[in-house]
K.L.:
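Below: one structure in structure tokens.
Owing to the predicted nature of the structure, the values given are computational and were not obtained by experimental measurement. Per chain, numbering begins at 1; letters A, B, ... match sequence-line order.
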Amino acid sequence: MVLRMAPFPSGGLHIGSARMIFVNDYYRTRYRGKLLLVFDDTIGSEEKRIDLALFDVILRDLEIAGATPDAVYYKSDRIPLFYPWARRVIDRGGAYVCRCPAELLRENRAKGQACGERAQTPGQTVDEWEKMLAGGYAQGEAVLRLRTDLHDPDPAFRDRVLFRISDLDHPRVGHRYRVWPLLEFSWAVDDIELGITHVIRGKDLVMEDRMQEHLWGLLGLHGPPFLHWGLLRLREAKISKSKSYLEVKSGQYDGWADPRTWSIASLDRRGISPEAMRKFTLSFGLSLADIEVPAETLYAENRAIIDATTPRRAFVEDPVRVDVDEYPPGLEHVPLANHPEQEHLGRREVAAGPGFWLPRADLARSAGAEVRLKDLMNIRLPPDIPAGAAGVRATFTTRENRKLPRLQWVGVEGAVPVDLLGLEGEHRSGIGEGALAQAGPRDIYQFERVGFVRVEADWRPGTGPVRVVFGHP
RNA sequence: GCUCCCGUAGUCUAGUCCGGUCAAGGAUAUCGGGCCUUCGACCCGACAACGUGGGUUCGAAUCCCGCCGGGAGCACCA
């Protein structure tokens, strides 16, 4: 079994590409086949530009996803290979060189009308084709078109363009070629040349199946069967690839791993395991319906994978200093379990009061009430807590574990500043318990009552606030 | 407008090819309860679906036809 993925290098791989990645990889693994990555970097268009930096971004995304290809090809290296194939199609009368403007071509297609050029003999087409290749036509002046039935019931199928002329500068091969194949033709050739046995691709390309089969029929060949999947979207990820591209390029976004892109890399950065992405994606099968799934479903998948192995830590957002009067002796430090159920994850010694940091939002809600500092003690808060209060004095009540509102807390001693990057790209500052000072890059923690977070890959102890990215609740 | 594809609970999905074992299973969400010192986990329970109309049949989610709804294509993009 030989499969292929064919992304266009105009953006990082996003969650919508997940089906391409995981479905293909699933079959490769299951049938011990090969999975090729073929960059579909024919020249594109003015609107759809190739970005050199994106080849590596995509490669890296596939690595993250655990779907490293067995081989990598660049369509732009293979252009000369397509010319002899074009010649074979022409010789069989399957194509003609058309000099109609795009506008006229479109109108004729809609009406099922032939233009004057269509009557060309293969001999005349060869001459015109040679002229195209030799530079005898300017960009947009001539194309090689497939000859189908002009009255084909599907207007989309009538006399499609196979090759066109482009003077755009290609980031890999520059101006080495002027006559470029379109996706359909290049794949009619490469699915044969590369020995692809099964084509699994998006349903936006179903019409291309017919074109490839038409070409194969013309040449007496048999190509691989086609399978398709429908569009997959996360409800929260409204952003398009091209919009992301602009934001990343302009620096509005923090690269392709910015949480707002919902790219594979961004999910990884947030601590969502590739395994969760895989299970999530494969759970949809190969359905042809376009689906929109809440990110919560992906989060649930991830929780099931990471919850049991993820240590708990205290984080207090927008902290207010609270000093507790009548603080009981001997509670300056307490041992806490790293995980409520997984004892093998051990314990850590946590600095407690009498000075604490508590979340401003919780304090505002609980003024005058007795609250429980989780795992520690109960305190009574003063009746009045001004909105901008810098410090608050509270009073110890009991240690008895009663049903009280529970707050997480951070003891003042050894507390470390934390910068939490949120899903909208916002930075939430807070303070974390001392144990976080020894966090390692890419470590995953659960901030109790906040959610799962992952330490930034480039963070090192002693370099300022602990930088983490919010994953999910 | 033309062509193709898709319609099972809020969402996603199993079942449809080969009609009965489907008074439709699972996941997620929601609601209620329990439990662990998290708003997380776990346990128990509840809610909730075959788009619609006809036909075939002893029997239809499943086969046929119409309609309705949704998506994609009709680029010298991929």
K.L.:
Does CZ belonging to Arg402(A) count more than 12 external heavy atoms closer than 6.0 Å?
P.N.:
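Yes, CZ of Arg402(A) has more than 12 neighbouring heavy atoms, counting only those of other groups under 6.0 Å.
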K.L.:
Any salt bridge between Asp268(A) and Arg442(A), counting N to O under 4.0 Å?
P.N.:
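Looking at Arg442(A) together with Asp268(A), the answer is yes, because their closest N to O distance falls below 4.0 Å.
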K.L.:
Ring of Trp180(A), cation from Lys75(A) - is the NZ or CZ under 6.0 Å from the centre and inside 45° of the axis?
P.N.:
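Because its charged atom misses either the 6.0 Å distance or the 45° angle limit, Lys75(A) does not stack over Trp180(A).
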K.L.:
Taking any heavy-atom pair under 4.0 Å as a contact, classify Asp307(A): base, sugar-phosphate, or nothing.
P.N.:
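The residue Asp307(A) makes sugar-phosphate contact but no base contact.
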K.L.:
Could you tell me whether Ser287(A) contacts a base, only the sugar-phosphate backbone, or nothing, with contacts defined as non-hydrogen atoms closer than 4.0 Å?
P.N.:
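Sugar-phosphate: the residue Ser287(A), judged by heavy atoms under 4.0 Å, touches backbone atoms but no base.
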K.L.:
What distance, rounded to whole Å, do you find between the two C1' atoms, one in C47(B) and one in G32(B)?
P.N.:
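The answer is 10 Å between these two C1' atoms.
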K.L.:
A61(B) and C22(B): how far apart are their C1' atoms, nearest whole angstrom?
P.N.:
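Looking at atom C1' only, A61(B) and C22(B) are 9 Å apart.
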K.L.:
Using the C1' atom as the reference point in each nucleotide, state the distance between C17(B) and C63(B) in Å, no decimals.
P.N.:
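Pairwise C1' distance, C17(B) against C63(B), rounds to 11 Å.
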K.L.:
Can you tell me, in whole Å, how much space there is between the C1' of U11(B) and that of A49(B)?
P.N.:
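It works out to 12 Å between them.
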K.L.:
Compute both the distance and the angle, then confirm whether Arg269(A) meets the cation-pi test with Trp256(A): under 6.0 Å from the six-membered ring centre, within 45 degrees of the axis.
P.N.:
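The answer is no, since Arg269(A) fails at least one limit relative to Trp256(A).
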K.L.:
Whether Arg303(A) and Glu296(A) form a salt bridge (side-chain N of Lys/Arg under 4.0 Å from carboxylate O of Asp/Glu) is what I want to check.
P.N.:
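Yes, this pair counts.
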K.L.:
I need the minimum non-hydrogen distance between Leu420(A) and Phe315(A), along with the two atoms involved.
P.N.:
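Scanning both residues completely, I find the closest heavy atoms to be CD2-CE2, 4.0 Å.
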K.L.:
If you go through the side-chain atoms of Glu341(A), does one of them form a donor-acceptor pair with the base of G40(B) closer than 3.5 Å?
P.N.:
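Looking at the base of G40(B), it does pair with a donor or acceptor on the side chain of Glu341(A) (distance under 3.5 Å).
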K.L.:
With the threshold set at 4.0 Å, does a side-chain nitrogen-carboxylate oxygen contact exist between Asp209(A) and Lys203(A)?
P.N.:
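Lys203(A) and Asp209(A): not salt-bridged.
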K.L.:
For the side chain of Met207(A), starting at C-beta, report the closest nucleotide among C5(B), G73(B), A78(B).
P.N.:
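That would be G73(B).
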K.L.:
Does Glu208(A) contact A78(B) through a side-chain donor or acceptor facing the base, at a distance under 3.5 Å?
P.N.:
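When only heavy-atom distances are counted, Glu208(A) does reach the base of A78(B) through a donor-acceptor pair under 3.5 Å.
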K.L.:
Quote, to the nearest angstrom, the C1' distance that separates A72(B) from G59(B).
P.N.:
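Nearest-Å result for A72(B) against G59(B) at atom C1': 38 Å.
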K.L.:
Which part of the nucleic acid, if any, lies within contact of Gly140(A), taking any heavy atom under 4.0 Å across all strands shown: a base, the sugar-phosphate backbone alone, or nothing?
P.N.:
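Base contact.
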K.L.:
What interatomic distance, in whole Å, is found between P of A48(B) and the corresponding atom of A9(B)?
P.N.:
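Each nucleotide's P atom is 14 Å from the other's.
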K.L.:
Would you indicate what Val161(A) reaches in the nucleic acid, counting non-hydrogen atoms under 4.0 angstrom: base, sugar-phosphate, or nothing?
P.N.:
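Sugar-phosphate contact only - Val161(A) comes under 4.0 Å of backbone atoms but never of a base.
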K.L.:
Tell me what Arg372(A) touches on the nucleic acid: a base, only sugar-phosphate, or nothing, going by heavy atoms under 4.0 Å.
P.N.:
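Counting heavy atoms under 4.0 Å across all strands, the contact made by Arg372(A) includes a base.
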K.L.:
Starting the side chain at C-beta, find the nucleotide from A78(B), A75(B), G73(B) nearest to Pro155(A).
P.N.:
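Ranking A78(B), A75(B), G73(B) by closest atom to the Pro155(A) side chain puts G73(B) first.
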K.L.:
Write down the distance separating the C1' atoms in C74(B) and G10(B), rounded off to the nearest Å.
P.N.:
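Roughly 35 Å separates the two C1' atoms.
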K.L.:
Is the count of non-hydrogen atoms from other residues, nucleotides or ligands lying under 6.0 Å from Arg235(A) atom CZ greater than 12?
P.N.:
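Buried by this count: over 12 neighbours within 6.0 Å.
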K.L.:
State which of A78(B), C76(B), C12(B) makes the closest approach to the side chain of Leu105(A).
P.N.:
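Among the listed nucleotides, the one closest to the side chain of Leu105(A) is C76(B).
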K.L.:
Base, sugar-phosphate, or nothing for Arg303(A), non-hydrogen atoms under 4.0 angstrom?
P.N.:
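Result for Arg303(A) = sugar-phosphate.
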K.L.:
Identify, between Ala102(A) and Val293(A), the residue whose nearest nucleotide on RNA chain B lies closer to the 5' end.
P.N.:
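The residue closer to the strand's 5' end, by nearest nucleotide, is Val293(A).
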K.L.:
Does Ala142(A) or Gly285(A) map to a spot on RNA chain B nearer the 5' end, using the closest nucleotide for each?
P.N.:
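Nearest nucleotide further toward 5': that of Gly285(A).
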K.L.:
Mark yes or no for a side-chain to base donor-acceptor pair under 3.5 Å between Glu301(A) and U28(B), with no hydrogen or angle criteria applied.
P.N.:
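No, the side chain and the base share no sub-3.5 Å donor-acceptor pair.
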K.L.:
Can you name the residues that form a side-chain hydrogen bond (donor to acceptor under 3.5 Å, both in side chains) with Ser166(A), not counting sequence neighbours?
P.N.:
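With sequence neighbours excluded, Ser166(A) shows a side-chain hydrogen bond (donor to acceptor under 3.5 Å, both in side chains) to no residue whatsoever.
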K.L.:
For Arg145(A), which contact category applies under a 4.0 Å heavy-atom criterion: base, sugar-phosphate, or nothing?
P.N.:
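Counting heavy atoms under 4.0 Å across all strands, no contact is made by Arg145(A).
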K.L.:
Regarding Pro340(A), tell me which of base, sugar-phosphate or nothing describes its non-hydrogen contacts under 4.0 Å with the strands shown.
P.N.:
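Counting heavy atoms under 4.0 Å across all strands, the contact made by Pro340(A) includes a base.
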K.L.:
For RNA chain B, what dot-bracket results from Watson-Crick or G-U pairs at under 3.5 Å, with [ ] for crossers and | for inter-strand partners?
P.N.:
(((((((..((((......[....)))).(((((.......)))))....(((((..]....))))))))))))....
K.L.:
Check if the side chain of Arg235(A) and the base of U11(B) share a donor-acceptor pair of N or O atoms closer than 3.5 Å.
P.N.:
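By the distance-only test, no, there is no pair.
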K.L.:
Report which part of the nucleic acid Ile291(A) touches: base, sugar-phosphate, or nothing (heavy-atom distance under 4.0 Å, all strands).
P.N.:
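Result for Ile291(A) = sugar-phosphate.
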K.L.:
What does Leu205(A) touch in the nucleic acid at a heavy-atom separation under 4.0 angstrom: a base, only the sugar-phosphate, or nothing?
P.N.:
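Since a base atom lies under 4.0 Å of Leu205(A), the category is base.
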K.L.:
Base, sugar-phosphate, or nothing for Asp40(A), non-hydrogen atoms under 4.0 angstrom?
P.N.:
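Sugar-phosphate contact only - Asp40(A) comes under 4.0 Å of backbone atoms but never of a base.
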K.L.:
Answer with base, sugar-phosphate or nothing: what part of the nucleic acid does Ser166(A) contact at a heavy-atom distance below 4.0 Å?
P.N.:
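No contact at all - Ser166(A) keeps every heavy atom at 4.0 Å or more from the nucleic acid.
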